[in-house]
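Here's the structure, in structure tokens; my notes come after.
Protein chains get the first letters and strands the later ones, always in sequence-line order, with residue 1 at the start of each. If you're wondering where the values come from, they're calculated on a predicted model, not measured in any experiment.
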Number of protein chains: 2
Amino acid sequence: MDTVRHLQPDKSWVDSYLEDCPARTVLDVLANKWTLLVVSALRQHDGPMRFNELRRRLTGITQKMLTQTLRALERDGLAARKVYPTVPPRVEYTLTPLGVDAGQLLNAIGEWSEHHVPEILGSRAAFDARPDPS
Amino acid sequence: MDTVRHLQPDKSWVDSYLEDCPARTVLDVLANKWTLLVVSALRQHDGPMRFNELRRRLTGITQKMLTQTLRALERDGLAARKVYPTVPPRVEYTLTPLGVDAGQLLNAIGEWSEHHVPEILGSRAAFDARPDPS
DNA sequence: CCGAATCCGGTACGATACTG
DNA sequence: CAGTATCGTACCGGATTCGG
């Protein structure tokens with residue numbers, strides 16, 4: 001790979017359009033509904049959030065998906081997980097600087113969605129009312 | 001926060017953190033790996049793109065998911081689908097102004113991913129090498 | 001009690017074959 | 001070329017169980 005770097009820069013490992021490149025695996029974590037909501041929630045909140053605190057905020061998420069999402073974020077270095085060995089157990093989550101950075105972009109998607117709800121709902125209604133082409 | 005909720009207009013229908021609100025259904029379309037890649041590809045390309053042109057660009061996507069993603073984008077008014085009644089058939093896809101707008105945010109996520117691949121891969125390696133807590 | 005692991009049923013996805 | 005149909009599979013949601 002590096003041998004021909006000076007002739008033709010090989011960026012295949014970061015080209016998201018290519019299958020099985022690392023950038024795709026990063027996108028798999030970011031381009032995900034729960035990731036966006038979890039990161040946005042952590043970002044909005046002042047200070048760390050506990051597990052059930054997040055769970056209550058993100059109506060409809062299951063414990064399993066919340067755990068899974070938080071693990072993936074921790075693994076990618078976007079969130080930090082702090083466990084207090086108390087009874088009852090206490091686990092706090094915060095965004096890392098990297099997570100805050102990504103959260104800014106994810107939050108923009110969320111705000112865009114909320115802002116354009118009316119016109120998108122209108123477009124859907126028009127599309128669904130369209131006559132069956134059969 | 002909730003103490004003044006009754007004084008403020010009810011925006012629960014656009015609060016993405018609430019289950020079954022329209023904003024969530026918009027996020028379901030946007031916060032999706034294939035949507036991001038399709039919109040980014042359409043955005044980068046100069047002029048409309050044909051079905052198989054997109055398919056070749058997005059290595060690894062199946063016909064089914066590409067069709068499904070394009071349909072969802074069309075339904076939401078983010079992409080436009082133009083069919084030419086020729087033989088063989090020719091179908092061209094373009095982003096609507098709304099799609100271009102969303103595409104700017106989605107593309108930012110893609111670029112962020114590509115840019116931070118090294119540190120995220122490093123974080124994953126460290127996480128996976130971590131001793132089993134059992 | 002809080003947070004996570006496990007088992008099970010349904011849905012969404014991938015691969016292949018087929019049609020206009 | 002641009003889809004649709006079908007089927008096996010992997011993932012998600014729900015409930016239960018476990019562990020501290």
Side-chain angles (χ1 to χ4, degrees), chain A residues 18-20 24-25 27-38 41-42 45 48-75 79-94 127 130 132-134, chain B residues 18-20 24-25 27-38 41-42 45 47-75 79-94 127 130-134:
Chain A
L18 271 66
E19 195 180 8
D20 296 330
R24 275 274 181 98
T25 69
L27 275 182
D28 288 344
V29 175
L30 288 181
N32 169 308
K33 180 178 60 166
W34 293 129
T35 294
L36 188 147
L37 290 172
V38 167
L42 285 174
H45 194 266
M49 289 184 83
R50 299 189 57 179
F51 185 87
N52 279 330
E53 194 179 358
L54 271 167
R55 190 158 131 68
R56 277 188 298 272
R57 186 77 217 271
L58 308 179
T59 334
I61 195 172
T62 60
Q63 302 114 317
K64 190 162 88 172
M65 288 314 295
L66 182 53
T67 299
Q68 192 174 339
T69 304
L70 287 168
R71 283 285 192 287
L73 290 175
E74 186 193 4
R75 189 171 103 103
R81 178 170 182 267
K82 176 120 204 239
V83 183
Y84 298 87
T86 60
V87 174
R90 177 185 189 88
V91 182
E92 288 183 347
Y93 294 92
T94 52
F127 185 93
R130 187 180 76 164
D132 191 329
S134 69
Chain B
L18 273 69
E19 196 181 8
D20 296 330
R24 275 275 180 96
T25 70
L27 275 182
D28 288 344
V29 175
L30 288 181
N32 170 309
K33 179 179 59 166
W34 293 128
T35 295
L36 188 147
L37 291 173
V38 166
L42 286 174
H45 194 266
M49 289 184 84
R50 299 188 59 179
F51 185 85
N52 279 329
E53 195 179 358
L54 271 167
R55 190 159 132 67
R56 278 187 299 272
R57 186 79 216 270
L58 309 178
T59 331
I61 195 171
T62 60
Q63 302 112 318
K64 188 161 95 171
M65 288 314 294
L66 182 53
T67 300
Q68 189 174 327
T69 304
L70 287 168
R71 284 286 189 287
L73 290 174
E74 186 193 3
R75 189 171 102 104
R81 179 170 180 266
K82 177 121 202 236
V83 183
Y84 297 88
T86 60
V87 172
R90 177 186 189 86
V91 182
E92 290 182 347
Y93 293 92
T94 52
F127 184 93
R130 191 176 74 165
D132 191 329
S134 68

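- Of the candidate nucleotides C/dC13, C/dC2, D/dA2, C/dC2 has the atom lying nearest to any side-chain atom of A/P89.
- Proximity of B/R90 to the phosphate of C/dG20: no side-chain N or O atom is located under 4.0 Å from OP1 or OP2.
- Between B/Y93 and D/dC1, a side-chain N or O to OP1/OP2 separation shorter than 4.0 Å is absent.
- Between the C1' atom of C/dG3 and the CE atom of A/M65 lies a distance of 16 Å, rounded to the nearest Å.
- Rounded to whole Å, the distance from CD on A/Q63 to P on C/dC7 is 17 Å.
- Remark on DNA chain D: of its neighbouring residues B/E53 and A/I61, the 5'-side contact belongs to B/E53, judged by nearest-heavy-atom nucleotide.
- Residues B/L70 and B/L66 are in side-chain contact: their nearest non-hydrogen atoms beyond the backbone lie under 4.5 Å apart.
- Checking C/dC13, D/dG3, D/dG20 against the side-chain heavy atoms of B/Q68 singles out C/dC13 as nearest.
- For B/R50, taking side-chain heavy atoms from C-beta onward, the closest of the listed nucleotides D/dC1, C/dA4, D/dG14 is D/dC1.
- Among the atoms of the strands shown, none is found under 4.0 Å from any heavy atom of A/Y84.
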Could you go through the salt bridge (Lys or Arg N to Asp or Glu O under 4.0 Å) check for B/E74 and A/R130 one step at a time?
CA-CA 12 Å; B/E74 186 193 3; A/R130 187 180 76 164; 3.6 Å; yes
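- Taking every side-chain heavy atom of A/N52 into account, C/dG3 is the closest of C/dA4, C/dC1, C/dG3.
- The backbone N or O of B/R50 lies less than 3.5 Å from a partner atom in the side chain of B/E53, making a donor-acceptor pair.
- Separating the CG atom of A/D28 from the P atom of D/dA10 is a distance of 17 Å, rounded to the nearest angstrom.
- For B/K64, the side-chain atoms get nearest to D/dT6 when compared with the rest of D/dA2, D/dT6, D/dG13.
- A/T35 OG1 to A/L30 CG: the interatomic distance, rounded to the nearest 0.5 Å, is 7.0 Å.
- Considering only side-chain atoms of A/V91, the nucleotide from C/dA4, D/dG14, D/dG3 that sits closest is C/dA4.
- Closest to the A/W34 side chain, of the nucleotides D/dG13, D/dA2, C/dC2, is D/dG13.
- Counting heavy atoms from C-beta outward, A/N52 and A/R56 have side chains that approach closer than 4.5 Å.
- In this structure, A/N32 atom CG and C/dC13 atom P are separated by 12 Å, rounded to whole Å.
- In this structure, CZ of A/R56 is placed 13 Å from C1' of C/dG3, rounded to the nearest angstrom.
- None of B/N32, B/T59, B/T69, B/L58 except one satisfies the side chain to side chain contact (heavy atoms under 4.5 Å, CB included) rule with B/L37; the exception is B/L58.
- Per the geometry, CG belonging to A/L66 stands 14 Å off C1' belonging to D/dC12, to the nearest Å.
- Phosphate contact (OP1/OP2 of C/dA15, side-chain N/O of B/T62, threshold under 4.0 Å): absent.
- Atom-to-atom, CE of A/M49 to P of C/dC2 comes out at 15 Å; the value is rounded to the nearest Å.
- In terms of position on DNA chain C, the residue among B/G60 and A/R81 whose nearest nucleotide sits closer to the 5' end is A/R81.
- Between the CZ atom of B/R71 and the C1' atom of D/dG3 there is a distance of 8 Å, given to the nearest Å.
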